[in-house]
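One-based numbering along the sequence shown. Only this structure's heavy atoms are used, side chains among them; waters, hydrogens and symmetry mates stay out.
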Amino acid sequence: MATGFAHPFTRTDRSPLAMWWWTVDKLTLAFVLLLILAGLVFSFSSSPVAAPKIGIANEFYFTQRHLLFAAASVGLMLAISMFSLKGVRRASVAIYGGAITVMALLPLIGHTSKGGRRWLDLGFFSLQPSEFIKPALIVLVSWMFAEGQKGKGVPGVTIAFCLYGLCIALLLIQPDVGQSILITIAFGACFYISGVPTRWIVGLSGAGAAGLVSLYFILPHFRDRIKDFIDPAGDRFQVERAAAAIAHGGLTGTGVGEGTMKRLIPDMHTDFIYSVAAEEYGLWLSLLLISIFAFVVIRGLWKAMAMPDTFRQIATSGLYIMLGMQVLINVSVNLQVIPPKGMTLPFISYGGSSLLAMGLCMGLILALTRKRPAEVEPDDHTKW
């Protein structure tokens, strides 16, 4: 009698689906699907309160839309994960080009909300192109850094900095300092992993710090958020209510749908969904969520560092670092450690652009980490 798990494909099956099944990182895929499912469950707690706040009669309006975008995100992730390395590079070029074009047009056609012009109103949902440019940029600069290492005349480092600089310039026009910081950290990590001297990283870190100080004086919206956060008498309503909800949940939580502090939290279904979950499910679930994210990121970085191929090593590490930093920033905001950044919790928060972009990001990671040594040749990276 056969025992154990019955695989859908045999080892001798050479079909594209079978090859994908035997080469994809199934453990990471399983944890990501679990996180997406958790986001749907939490949506049942947040939507009945968030929808009436903005005059929507259907209490589960956000839950229904969350389900739609989550399904699309999973579909996108699975589709991208089947790409070859050449397909990953081509897709990243196309996505970067499309996103940068939309970002350049946002000052003219963009939708203004929460102090920034970051969205393109498509009617059925608002597209935030900066969410999609993040993973595409990391793949492209990793490709360029890998090419620059070969010493064959390709100005990889110069091209990478140009791609990064154009993206950051358009983000600051919106302005979106939070995404700029996140992308800068991931870009700097890719640059460091590519093998540059440590003194370069120290110099660039100093330049980044100086840039942040400059933004404090240049951007009133950014300056006001910092001042409100450090001033006890400032407007800290969002983060204070979020922290209060987490404290109210205690160890075991108030029970599903029984949270009361969540009703006072702005954007409870997006940036502050972590606080809603912590209040109703308790500290144990909060720590479990953080542990899952930590496991996925740390395991991913460990596997990335073991890759013999430079491009995949840099790109995979950069994407995982970006994912981990976004989780850290979101949770830190909810815990009242840093000022609000308007950044979602990956796979968990409601938001069409966020969910779809996370599907894209994880699809790229799964494609890059598939076991296919025959596709990795010494000079293959220049073929796109």
Side-chain angles (χ1 to χ4, degrees), residues 31 34-67 70 114 178 224-295 324-351 354-355:
F31 275 117
L34 180 62
L35 289 170
I36 293 174
L37 179 61
L40 282 170
V41 172
F42 299 155
S43 181
F44 280 96
S45 295
S46 62
S47 183
V49 178
K53 275 188 174 183
I54 58 175
I56 298 176
N58 180 6
E59 291 187 344
F60 293 101
Y61 171 80
F62 290 116
T63 301
Q64 292 167 354
R65 290 176 61 85
H66 193 130
L67 177 60
K114 301 176 183 178
D224 291 343
R225 282 199 172 187
I226 299 294
K227 291 173 65 176
D228 284 340
F229 183 78
I230 62 179
D231 183 2
D235 182 9
R236 305 173 63 180
F237 182 78
Q238 284 183 310
V239 291
E240 286 180 348
R241 297 288 73 76
I246 294 173
H248 186 234
L251 180 62
T252 58
T254 60
V256 180
E258 298 300 321
T260 55
M261 296 301 296
K262 69 180 182 183
R263 300 178 182 277
L264 303 176
I265 304 175
D267 302 323
M268 70 177 72
H269 56 310
T270 55
D271 302 350
F272 293 96
I273 190 65
Y274 178 84
S275 298
V276 175
E279 180 182 20
E280 298 196 349
Y281 294 89
L283 178 63
W284 72 270
L285 184 71
S286 303
L287 295 178
L288 178 61
L289 278 179
I290 293 173
S291 298
I292 292 174
F293 277 118
F295 175 79
M325 286 304 304
Q326 183 163 337
V327 173
L328 179 63
I329 290 171
N330 179 273
V331 173
S332 297
V333 169
N334 278 261
L335 293 175
Q336 207 176 346
V337 176
I338 61 176
K341 293 293 181 185
M343 202 168 292
T344 58
L345 184 61
F347 309 112
I348 304 290
S349 295
Y350 168 82
S354 175
L355 286 169

Under 3.5 Å donor-acceptor, Lys341 side chain and Asp271 backbone: no
Ile292 side, atom CD1; Leu34 side, atom CG - distance, nearest 0.5 Å: 4.5 Å
Check: Thr254 side chain, Glu279 main-chain N or O, donor-acceptor pair, under 3.5 Å: yes
Euclidean distance, Arg241 CZ relative to Arg263 CZ, rounded to 0.5 Å: 15.5 Å
Euclidean distance, Tyr274 OH relative to Ser349 OG, rounded to 0.5 Å: 12.5 Å
Stepwise side chain to side chain contact (heavy atoms under 4.5 Å, CB included) check, Leu355 with His66: CA-CA 9 Å; Leu355 286 169; His66 193 130; 3.9 Å; yes
Over 12 non-hydrogen atoms of neighbours within 6.0 angstrom of CZ in Phe60: yes
Pro340 backbone acceptor or donor facing Arg225 side chain under 3.5 Å: yes
Sidechain-backbone polar pair: Asn334 side chain, Ala242 backbone, donor-acceptor under 3.5 Å: no
Check against side chain to side chain contact (heavy atoms under 4.5 Å, CB included), Met268 and Val49: CA-CA 9 Å; Met268 70 177 72; Val49 178; 3.3 Å; yes
Distance (rounded to the nearest 0.5 Å) between Leu285 CG and Thr252 OG1: 11.5 Å
Short side-chain to backbone donor-acceptor contact, Ser43 and Gly39, under 3.5 Å: no
Minimum side-chain heavy-atom gap Ser46-Ile273 below 4.5 Å: yes
Among Leu37, Leu289, Thr63, Leu345, the one residue meeting side chain to side chain contact (heavy atoms under 4.5 Å, CB included) with Phe42: Leu289
Exam field: side chain Gln326 to backbone Thr344, donor-acceptor pair closer than 3.5 Å: yes
Derivation and outcome, side chain to side chain contact (heavy atoms under 4.5 Å, CB included), residues Tyr61 and Ile54: CA-CA 11 Å; Tyr61 171 80; Ile54 58 175; 5.7 Å; no
Side chain to side chain contact (heavy atoms under 4.5 Å, CB included) assessment of Leu328 paired with Phe293: CA-CA 10 Å; Leu328 179 63; Phe293 277 118; over 6 Å; no
Heavy-atom check, side chain of Val239 versus side chain of Pro339, under 4.5 Å: no
Interatomic distance, Glu59 atom CD to Gln64 atom CD [nearest 0.5 angstrom]: 11.0 Å
Under the side chain to side chain donor-acceptor pair (under 3.5 Å) test, residues paired with Ser47 that sit two or more places apart: none
Distance in Å, Phe272 CZ paired with Ile246 CD1, rounded so as to fall on 0.5 Å steps: 9.5 Å
